[in-house]
Amino acid sequence: MKTIHPDDQSIQQFIFDKDHCDKNIARHINACQICQKMVAGYQELSTDFKAQEVPVLDFNLEDRVLRQITTQLEREKRSNRYFFAGPIVFIIIGIVAILSYIFIGEMKYSFGIEDLSIGFIICVGLLIVTLFSMDMMATYKSKMNKIDFS
Amino acid sequence: MEKGNSTDIHLVEMVLKGNTTSFKYIIANTQGLVIQIVYKMINNQQDREDLIQEVYLKVYNKLSSFRFNSKLSTWIGRIAYNTCINYLEKKKIPILDLNVDHESDRQEVINGSSSNGLANFTEDEIFRKERTLILQLEVEKLPPIYRTVVTLFHMEELNYKEISKITNLPLGTLKSYLFRARKQLKENILINYKIEDL
């Protein structure tokens, strides 16, 4: 009677996935020399895998990644720094516009200047105040960051 | 379900509090796995290095979304694998095509080895070092996914569940890929043994 040996998949299952290997197949493999040689072949393959060289990087990954993270954090900080600049400028412009509307008659009467000139003076003044405030805020934040509170 | 261990939890918490040095430990603990995945999936050396760094930047940025449903290394491995898959798809590189060269040679060798009791492969005629070198060359010829799963299983010694989580492959599919990869490797080594007469 011709002996039927388990197929390649069952042999692999016997070696690498024993929990799911059919008991009859396992019994056959344990008793059959031909199957044992197949098993040995795959075990050799597995051993050769473990003997392979593990790839390594020729640079310090930790340092390089941390450098990139630091750069990223600094960029985020910079963008956060100007996050409130827009709304603040709009609020200032709003306040000045309201005040100008209220006091424009007074100014015309007191200084004797045209509407257009008043607008120009207000805009230049606003620009200077905004830039000055932003610079002050940046200086303040950098000084606060340098202080070690721990 | 596998849960993250206490070291993982501690390290993640420290990083989320702003301690970037703790991230160094995470990199040190997991870079072996990430390097293996990227090196097996990608062939170009420069791209490999860039992708490894990209993986860790993604890990850093997504760390707050890690829910400890798996080991941290498995989660990072999955990010590495997905990053590589995205890269391969972008470059239109096939990820699953099995090389069918030398099909007739293969069949002949298999038949020959069967009649000899399939023993040739295990005999000491092929010295271990040469076999390891051949294996390395043959692994390179496999499709990226096969290369990766077979390396994760045999070199990194991860279990089926962990590999399944990293690659997002169902267990049955994963086992089938592993079976085909090993079979192909064994057959190719037999062919090389015959052709090159080592």
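So that the names make sense, note that chain A is the first sequence line, chain B the second, and so on, each numbered from 1.
Only the side chain of A:H20 comes within contact range of chain B, judged by heavy atoms closer than 4.5 Å. Residue A:I69 touches chain B through both its backbone and its side chain, counting heavy-atom pairs closer than 4.5 Å. The contact between A:F59 and chain B is made entirely by side chain atoms (from C-beta outward), counting heavy-atom distances below 4.5 Å. Only the side chain of B:Y60 comes within less than 4.5 Å of a heavy atom in chain A; its backbone stays farther off. For chain B, the nearby part of A:E53 is the backbone; its heavy atoms alone come within less than 4.5 Å. Residue B:Y25 does not touch chain A at all, counting heavy-atom pairs closer than 4.5 Å. Only the side chain of A:D58 comes within contact range of chain B, with at least one heavy atom under 4.5 Å from a heavy atom of that chain.
Between chain A and the residues B:V139, B:L178, B:I27, the largest count of heavy-atom pairs under 4.5 Å involves B:I27. Of the residues considered (A:Q12, A:E62, A:Q72, A:R64), A:Q12 shows the highest number of contacts with chain B, using heavy-atom pairs under 4.5 Å. Of the listed residues B:E157, B:M155, B:E156, the one with more heavy-atom pairs under 4.5 angstrom with chain A than any other is B:M155. The greatest number of non-hydrogen atom pairs below 4.5 Å with chain B, out of A:V54, A:V65, A:D17, is found for A:D17.
Nearest approach of A:K50 to B:H154, heavy atoms of both residues: CG-O, 3.4 Å. Heavy-atom minimum distance, B:P144 versus B:L88: CB-CD1, 4.0 Å.
Note: the hydrophobic cluster containing B:F179 does not contain B:I189 (ILVMFWY, side chain heavy atoms under 4.5 Å, direct or indirect links).
Donor-acceptor pairing under 3.5 Å is lacking for the side chains of A:R27 and A:N30. Side-chain polar atoms of B:Y56 and B:T30 form a donor-acceptor pair below 3.5 angstrom.
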task: Apply the test ring-ring contact (aromatic ring centres under 6.0 Å, His included) to residues B:F153 and A:F49: give CA-CA distance (whole Å), side-chain angles for both, the deciding distance (0.1 Å), then the verdict.
output: CA-CA 10 Å; B:F153 188 85; A:F49 252 111; 9.5 Å; no
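Rounded to the nearest 0.5 angstrom, A:Q68 CD and A:T70 OG1 are separated by 9.5 Å.
Under the 30°/60° scheme for interplanar angles, the aromatic rings of B:W75 and B:F66 are found to be tilted.
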